[in-house]
Amino acid sequence: MGKMLDKTYDPTKVEDRIYQKWLDNKYFHAEVDKTKKPYTIVIPPPNITGKLHMGHAFDNTLQDILIRWKKMQGYSTLWQPGTDHASIATEVKIIKQMADEGLTKKDLGREGFLKRAWEWKEEYGGRIIKQLKKMGSSCDWERERFTMDEGLSDAVLDVFIKYYEKGYIYKGAKIINWCPECQTTISEAEVDHEEKQGHFWHIKYPIAGTDDFIEIATTRPETMLGDTAVAVHPEDERYQHLIGKTVLLPLVNKEIPVIADEYVDRTFGTGVVKITPAHDPNDFEVGLRHNLSQINIMNDNGTINSQGGPYEGLDRYEARKQIVKDLKEQDLLVKIEEHTHNVGTHDRCHAVIEPMIKMQWFVKMSELVKPAIEALKSGELKFVPERYGKIYLNWLENIQDWCISRQLWWGHRIPAYYCEECGELIVQKEAPTECPKCGSHKIKQDEDTLDTWFSSALWPFSTLGWPKKTPEFDYFYPTATLVTGYDIIFFWVARMVFSAIEFTGELPFKTVLMHGLIRDSEGRKMSKSLGNGIDPLEVIDKYGADALRFTIVTGNAMGNDMRFYWEKVEANRNFANKIWNASRFILMNLEDTSHSNVKLEDLTPADQWILSKVNTLTQEVTENMDKYELGIAASKLYEFLWEEFCDWYIEMVKPRLYNESDETKQAALWTLKTVLIHVLKLLHPYMPFITEEIFTTLQEEEPSIMISSWPEYQEIWNFKEEEKDIEVLKQAVRNIRTIRSNMSVPPSKKAQIYVVSEKEEIREIFRKAKAFFATLAYGSTITIQSNKDGILDDAVSTIIPEATIYMPFTELVDIEKEKNRLEKEKEKLQSEIDRVNHKLSNAGFVNKAPQKVVDGEKAKLEKYEQMMVQVEERLKSITK
RNA sequence: GGAGGAUUAGCUCAGUAGGCUAGAGUGCUUGCUUGACGUGCAAGAGGUCACUGGUUCGAGCCCAGUAUUCUCCACCA
């Protein structure tokens with residue numbers, strides 16, 4: 001007696017046990033194995049602050065599918081896992097936690113804070129890894145890395161110094177985005193532009209030596225404290241006479257020049273712009289062109305500094321109010337307009353960004369970027385879908401120097417040292433003990449840390465041991481495919497490409513597989529603030545990881561966003577249950593192993609049909625996966641398993657199983673088991689848990705489906721003729737069911753079925769399939785004959801090519817209805833015939849279309865015409 | 001302002017190389033205790049493939065334009 005399975009599939013009973021089994025057997029572990037080809041994927045390292053969300057679920061499902069598939073294909077696969085220290089995200093969280101205890105960074109000091117951060121990492125950093133395991137991720141956990149590991153940190157320092165020595169890293173004063181809340185620089189990419197309702201203040205600046213005024217308009221009046229000029233367009237006729245004159249900056253009472261610069265848009269506002277080089281990126285550029293001085297009016301925390309005179313100490317918004325009030329009192333405020341404008345905010349804390357001039361570290365991008373652009377253009381680097389390549393290119397071609405310093409503590413501290421005596425700058429891995437220039441021992445390290453993406457950019461090779469020449473780096477690098485969301489093409493993908501080319505001389509990966517976002521059912525982004533996020537763990541808990549994985553990968557083209565519907569997960573849970581029950585059915589019938597002696601010659605046409613089908617399926621699924629069409633492959637598996645295998649094949653086979661004297665029973669069992677195992681393997685990358693559970697229950701030869709081999713197309717399973725024959729039978733069954741359904745005949749009521757065909761081949765098809773045909777078509781008896789002798793005219797009929805099927809019911813059949821049905825069928829046939837005729841009478845079509853297509857149409861025509869004859873005959877006989 | 005999507009059944013989406021009589025899931029209607037499964041089985045209704053032109057023997061698919069819509073980038077003080 002075979003092993004038994006429960007009536008419904010319960011993932012919670014299965015998943016953890018199976019995952020543990022895989023771990024115990026080290027199936028995820030990758031070894032350098034020169035007899036195999038390597039296949040490597042590096043995980044996009046989740047933040048240690050992170051909690052598993054749908055984005056991770058998406059990402060990891062795709063990677064896991066590729067890794068499991070390639071492993072089955074015989075590659076030595078490495079899925080390199082790890083986490084990212086996520087400097088600013090983590091630091092923000094820790095500061096918040098500290099604030100609850102009434103502590104600040106200052107209280108703890110740098111060392112104390114870092115100690116706390118590491119504790120935090122130990123406590124929360126592993127959480128997301130545990131959650132990834134629930135997805136079934138087959139990462140090599142023994143090789144887990146962290147961006148602030150010793151090895152990875154070493155790679156970061158190495159890269160910094162090499163860049164520096166090459167002249168790519170420089171220190172410079174630039175206008176940067178300052179977050180007064182976090183008190184650090186943030187990169188352009190970390191700024192969110194939010195449209196906000198603000199005001200437009202029109203202010204009069206008196207023209208020096210006259211009673212006249214010039215009117216400017218600003219959204220940030222407080223910055224006037226740092227104004228060093230007023231600008232107009234060089235060709236603006238309204239203001240020609242003022243160019244070169246000076247105006248008196250109100251409140252500050254300082255004379256500043258009126259300059260002409262093309263940057264000014266004559267049509268916007270008053271056509272006059274106040275220039276504040278220290279607090280606006282455009283003004284900064286204008287300032288450089290005109291040699292204007294830069295007056296920083298703000299402290300790091302967003303309050304006005306001593307440059308602000310009476311406003312010193314006020315918060316920037318307090319100062320704004322006060323300034324507006326003072327201007328009004330001096331009668332210099334013309335008007336206040338409502339104005340919507342974009343305000344830059346920090347994506348982590350949402351504080352409004354303040355552009356400020358600071359000394360920062362930069363990476364010069366112009367040279368680095370060239371080979372990264374070339375890699376895409378030459379086709380060496382590919383994006384799937386291709387359109388994302390354009391986004392990548394667009395960014396690289398317009399790139400600005402990368403500001404890499406952050407005024408944070410959590411991260412890789414910049415390996416730059418200053419002599420406190422002579423000011424010498426020393427860039428090297430280890431802290432110098434004395435100044436090489438003046439010999440002083442008073443050395444201080446740069447306070448800043450590096451942008452978190454500086455280390456992520458090295459991830460594909462730093463995780464494999466680079467800059468050391470490790471066997472792993474040698475074997476597993478470069479990686480094969482990078483899987484990630486389109487939202488980090490700039491942050492991460494592009495930076496990995498140029499870093500890898502620069503330091504390893506190779507592309508870090510050949511293909512970038514981009515996926516979209518999972519949105520809520522209304523198409524909105526899942527976000528904390530909206531509270532519309534779906535927790536993947538909750539989904540797994542309710543429906544199982546396999547159902548979630550299948551949901552993620554199907555019903556949507558690669559690279560597009562998708563909406564999350566619980567109903568979809570439910571449908572896929574049902575699919576899992578369907579597979580479960582099909583397997584249960586097979587197991588219940590496998591009494592012993594006598595089916596193992598079955599040979600191909602013993603198979604019936606039905607068996608050959610399904611074998612041939614699974615053979616084709618194997619070929620197609622593999623081809624689809626080669627092209628990263630995972631969703632297409634998955635839906636083909638779904639369709640095959642549910643429709644062909646369950647709804648047709650299993651039903652066809654049942655009479656043979658229930659009939660002890662049937663000689664083909666063992667052949668049926670062999671086929672059931674063989675096809676199931678075959679398709680389970682194809683499905684395994686998508687639904688790893690259930691396939692493993694069934695596989696190990698069904699057979700004992702192999703310990704795990706994970707390490708079994710990927711099925712291949714085999715010529716001996718190619719039964720094209722039998723496939724066609726079974727399709728004829730399916731068509732007959734469908735027609736009969738349709739008629740019975742139209743006539744509301746319940747399945748319990750069996751009917752006599754007559755199959756009439758002049759062709760012996762057709763009669764033979766039905767003869768061979770008599771047993772299951774009767775069951776599927778609800779027949780009491782099946783009579784196969786070459787003419788309609790002995791069949792009453794008031795029988796119901798249906799027509800398939802080359803055969804007419806009659807069902808005499810004992811009740812009187814409504815001849816009118818039968819006639820109508822036939823007339824309708826005739827009409828439909830006629831329109832098809834017309835359509836095909838139209839095509840075939842088109843000389844262009846016959847001459848230019850491929851022969852295959854033309855032949856196809858001809859065959860169709862022949863079939864329809866043949867059926868037409870049958871329909872007409874039938875009509876004639878009932879109307880006579 | 002620049003770039004890239006999307007527009008196909010009530011809803012959510014597929015449609016791989018132009019050959020299609022346009023598919024799936026879900027929802028809807030009808031019937032079914034058919035010895036794996038009601039998380040099931042069977043049957044059915046439901047579409048001017050946004051619009052206008054063009055290329056082609058042939059267009060849901062390619063090209064041009066229009067409309068609607070989403071996203072990213074840039075951004076005006």
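Naming convention: chains lettered A, B, ... in sequence-line order (proteins, then strands); numbering from 1 in each chain.
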Nearest-angstrom distance, [atom1] atom, [N] to [M]:
| N | M | atom1 | value |
| --- | --- | --- | --- |
| G60(B) | C51(B) | C1' | 14 Å |
| A67(B) | G10(B) | P | 26 Å |
| C20(B) | G44(B) | P | 22 Å |
| U39(B) | G46(B) | C1' | 26 Å |
| U29(B) | C72(B) | P | 40 Å |

(request) State whether the distance check finds a donor on one side and an acceptor on the other, under 3.5 Å, for side chain E397(A) versus base A3(B). (result) no
(message) Regarding U21(B), can its base be found pairing with the side chain of Y864(A) as donor and acceptor, where the two atoms are less than 3.5 Å apart?
(response)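 By the distance-only test, yes, there is a pair.
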Using a 4.0 Å heavy-atom cut-off across all strands, classify [X] as base, sugar-phosphate, or nothing.
| X | value |
| --- | --- |
| E629(A) | base |
| S744(A) | nothing |
| N842(A) | sugar-phosphate |

So what's [N] paired with, Watson-Crick or G-U wobble, going by both distances under 3.5 Å?
| N | answer |
| --- | --- |
| C32(B) | G40(B) |
| C72(B) | G2(B) |
| G25(B) | C11(B) |
| G46(B) | none |
| U52(B) | A64(B) |

Nucleotide of [options] approaching [X] most closely (side-chain heavy atoms):
| X | options | result |
| --- | --- | --- |
| K7(A) | G38(B), G19(B), U39(B) | G38(B) |
| N556(A) | A14(B), U12(B), A36(B) | A14(B) |
| Y565(A) | U12(B), G15(B), G19(B) | U12(B) |
| A849(A) | G19(B), G25(B), A43(B) | G19(B) |
| N624(A) | U21(B), U16(B), G15(B) | U16(B) |
| R387(A) | A77(B), G4(B), C75(B) | G4(B) |
| P747(A) | C75(B), C32(B), A77(B) | C32(B) |
| K848(A) | U56(B), C41(B), C73(B) | U56(B) |

(message) Between F575(A) and K525(A), which residue's closest nucleotide on RNA chain B lies nearer the 5′ terminus?
(response)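 First, find each residue's nearest nucleotide; the 5'-ward one identifies F575(A).
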Strictly below 4.0 Å: does [X] bring a side-chain N or O up to OP1 or OP2 of [N]?
| X | N | answer |
| --- | --- | --- |
| K578(A) | C41(B) | yes |
| N394(A) | C72(B) | no |
| S635(A) | G25(B) | no |
| K860(A) | C20(B) | no |
| Y658(A) | A36(B) | yes |
| K654(A) | A36(B) | yes |
| R563(A) | U12(B) | yes |
| R835(A) | U21(B) | yes |
| K390(A) | G5(B) | yes |
| H838(A) | C57(B) | no |
| W642(A) | G40(B) | no |
| N560(A) | A14(B) | yes |
| H341(A) | C75(B) | no |

(message) So that I know where these two stand, are F564(A) and W566(A) an aromatic pair - ring centroids less than 6.0 Å apart?
(response)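 That pair passes the under 6.0 Å test.
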(request) Please work out whether the ring planes of F585(A) and Y658(A) are parallel, tilted or perpendicular, with thresholds of 30° and 60°. (result)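 Taking Y658(A) first and then F585(A), their aromatic rings stand perpendicular (interplane angle over 60°).
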(request) Look at the aromatic rings of F383(A) and Y392(A) and report parallel, tilted or perpendicular, splitting at 30° and 60°. (result)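 Rings of F383(A) and Y392(A): tilted, as their planes differ by 30° to 60°.
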(request) Using the aromatic ring of F268(A) (for Trp, its six-membered ring), decide whether it stacks on the base of C76(B) within the limits of 5.5 Å and 30°. (result)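 Yes; centroid distance and tilt both under limits.
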(request) Taking D10(A) for its side chain and T12(A) for its backbone only, find out whether a donor-acceptor pair lies under 3.5 Å. (result) yes
(message) Within the 3.5 Å criterion, strictly below it, is a donor on Y486(A) or D561(A) matched to an acceptor on the partner's side chain?
(response) yes
(request) Could you tell me whether the side chains of T554(A) and K568(A) share a donor-acceptor contact shorter than 3.5 Å? (result)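 No, K568(A) and T554(A) have no side-chain donor paired with an acceptor closer than 3.5 Å.
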(request) Have a look at V621(A) and tell me which of Q619(A), M625(A), E623(A) forms a side chain to side chain contact (heavy atoms under 4.5 Å, CB included) with it. (result) M625(A)
(message) So if I apply the side chain to side chain contact (heavy atoms under 4.5 Å, CB included) rule between D227(A) and each of T218(A), I256(A), I297(A), which one comes out positive?
(response)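 Single pass found, and it is I256(A).
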